[in-house]
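Heads up, the thing below is written out as C-alpha cells.
Heavy-atom basis, side chains included; hydrogens, waters and symmetry copies ignored.
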Amino acid sequence: MIDEQTKRRGTFWREFPILIAVAIVVAVVVRAFVMQTFFIPSQSMEHTLNINDRVLVNKLVYDFRAPRRGEVIVFKAPSNWDGDPTERDFIKRVIAVAGDHVVCCDAKQRIMVNGQPLDEPYIFHDDDGLVDLASDEPFDVTVPGGRLWVMGDHRSQSGDSRQHYLQTKDPDIATIAVKTVVGRAFVVFWPVTRAKWLKVPATFAKVPSPPKT
C-alpha cells in the first residue's frame, strides 16, 4: 500500500506545475495592469532619482483620476521627443495640467503656474551646492486640453516640455498627452540606501485652478 506521506508527495508534484502557471499569470497581470518596476537610465531627474535607481509605478491610479501637479510620472515618449529609439519610457515631474498658465520666471527666478510661484527644493544641486536654474530661458505658455507640462528635476540635463517649447514655440509639441501616461512613480525601492516615497511637494498645493477661458 502507498502510505499517506507518499500520496501527499505525489499530489504536490502533480499540482506544482499548476501553481507555477498561476504564479506566472498573476505576475503578468500585475505587471500589465497594476504595478511595474522601472529603471532610471539618465540624469534628467537627479537627485530625486539617480541613474540606476529602481522605482515602483502604480499603473492603475490614472484609470480613476487624472495626473496631478507635482507627481512623478512615467509616460510613452512622443515621437518627436525620442532622441534614442531604445528609450521609449520617460520619467518626469508634472508641473502643470490642462488649462494652466505657465510662466518663467518671477523676480526670484521661480516658475509660476496660474500666477503662483513654485518653490522647488527638488531641483538639482551639485556637491558644492550649485543649483540649476528653474529655466535658463523665459517662456510663457498655456497647457492645451488633454495634455501635461512635464519637466525633469535636473533642468540642465532634461529633454522636457521647457526644452521642446523653447525649440518650437508649439504648446502641443512641448506637452504630452494624458493618454500616454503609463502610471505614477510613487517609491524608490532600490538601492535600499535611497529607498523613499515620492511625495508631491507642498508648493503645488498653493497653485490655484487654471483661469477660465
Side-chain angles (χ1 to χ4, degrees), residues 40 42-50 62 65-75 77-78 80-81 83 90-178 180-181 184-186 188 196-213:
I40 306 303
S42 74
Q43 299 173 295
S44 72
M45 283 293 292
E46 290 179 328
H47 285 296
T48 302
L49 302 172
N50 288 343
Y62 297 137
R65 66 168 176 85
R68 295 171 181 166
R69 304 180 195 95
E71 293 178 337
V72 177
I73 62 169
V74 172
F75 59 94
N80 52 0
W81 284 32
F90 280 23
I91 187 164
K92 307 289 181 189
R93 188 182 299 278
V94 178
I95 300 297
V97 299
D100 283 345
H101 183 210
V102 190
V103 177
C104 178
C105 286
D106 70 359
K108 295 183 179 180
Q109 288 299 305
R110 296 175 297 183
I111 288 175
M112 294 184 292
V113 181
N114 302 333
Q116 175 65 41
L118 298 180
D119 295 309
E120 300 184 279
Y122 47 79
I123 288 181
F124 173 82
H125 60 275
D126 63 20
D127 293 337
D128 296 323
L130 185 63
V131 181
D132 267 6
L133 295 174
S135 175
D136 54 4
E137 294 184 49
F139 58 82
D140 185 329
V141 63
T142 297
V143 181
R147 304 188 74 81
L148 304 169
W149 180 275
V150 295
M151 300 177 72
D153 291 354
H154 193 169
R155 299 285 158 80
S156 62
Q157 297 295 322
S158 180
D160 53 20
S161 291
R162 175 190 60 86
Q163 181 195 61
H164 290 283
Y165 184 74
L166 292 173
Q167 289 174 347
T168 67
K169 307 302 182 190
D170 186 329
D172 288 305
I173 291 176
T175 53
I176 66 162
V178 171
T180 65
V181 176
R184 178 186 177 186
F186 67 96
V188 178
K196 60 183 176 181
W197 298 105
L198 297 173
K199 298 178 180 179
V200 174
T203 191
F204 289 96
K206 302 175 184 177
V207 176
S209 298
K212 294 182 179 180
T213 56

Partner residues of Q163 under the side chain to side chain donor-acceptor pair (under 3.5 Å) criterion, sequence neighbours left out: none

Check [X] against [Y] and note the closest heavy-atom contact, atom names and distance.
{"X": "P210", "Y": "R69", "value": "CD-NH2, 3.8 Å"}
{"X": "V102", "Y": "A96", "value": "CG2-CB, 3.3 Å"}
{"X": "R93", "Y": "P201", "value": "NH1-CD, 3.5 Å"}
{"X": "R147", "Y": "V178", "value": "N-CG2, 4.1 Å"}
{"X": "N114", "Y": "G99", "value": "OD1-O, 4.4 Å"}
{"X": "S44", "Y": "I91", "value": "OG-O, 4.1 Å"}

Taking the side chain as C-beta and beyond, is there a heavy-atom pair between [X] and [Y] under 4.5 Å?
{"X": "V200", "Y": "R68", "value": "no"}
{"X": "R110", "Y": "L118", "value": "no"}
{"X": "Q157", "Y": "S42", "value": "no"}
{"X": "V188", "Y": "L198", "value": "yes"}
{"X": "I176", "Y": "I73", "value": "yes"}

Is there a side-chain hydrogen bond (donor to acceptor under 3.5 Å, both in side chains) between D140 and H101 once you walk through the steps? CA-CA 7 Å; D140 185 329; H101 183 210; 2.6 Å; yes

So, applying side chain to side chain contact (heavy atoms under 4.5 Å, CB included) with P67, which one of V72, V150, L148 is it? L148

Just one of Q43, H125, E46 clears the side-chain hydrogen bond (donor to acceptor under 3.5 Å, both in side chains) bar with H154, so which one? E46

Interatomic distance, [X] atom [atom1] to [Y] atom [atom2] [nearest 0.5 angstrom]:
{"X": "D100", "Y": "I95", "atom1": "CG", "atom2": "CD1", "answer": "10.5 Å"}
{"X": "M45", "Y": "K92", "atom1": "CE", "atom2": "NZ", "answer": "8.0 Å"}
{"X": "Y122", "Y": "L49", "atom1": "OH", "atom2": "CG", "answer": "13.0 Å"}
{"X": "K169", "Y": "H164", "atom1": "NZ", "atom2": "NE2", "answer": "13.5 Å"}
{"X": "T175", "Y": "D170", "atom1": "OG1", "atom2": "CG", "answer": "8.0 Å"}
{"X": "R162", "Y": "I111", "atom1": "CZ", "atom2": "CD1", "answer": "8.0 Å"}

Heavy-atom count check: over 12 atoms from other residues, nucleotides or ligands less than 6.0 Å from K108 NZ? no

Whether the side chain of [X] engages the backbone of [Y] through a donor-acceptor N/O pair (distance < 3.5 Å, no angle test) should be reported.
{"X": "K206", "Y": "P117", "answer": "no"}
{"X": "S161", "Y": "W149", "answer": "no"}
{"X": "D128", "Y": "L130", "answer": "no"}
{"X": "D132", "Y": "S156", "answer": "yes"}

Quick one, R155 with E120, criterion salt bridge (charged side-chain N to carboxylate O under 4.0 Å, His left out). Give me CA distance, side-chain angles, the key distance, then yes/no. CA-CA 11 Å; R155 299 285 158 80; E120 300 184 279; 2.8 Å; yes

Classify the ring geometry of F90 against W81: parallel below 30°, tilted from 30° to 60°, perpendicular beyond 60°. tilted

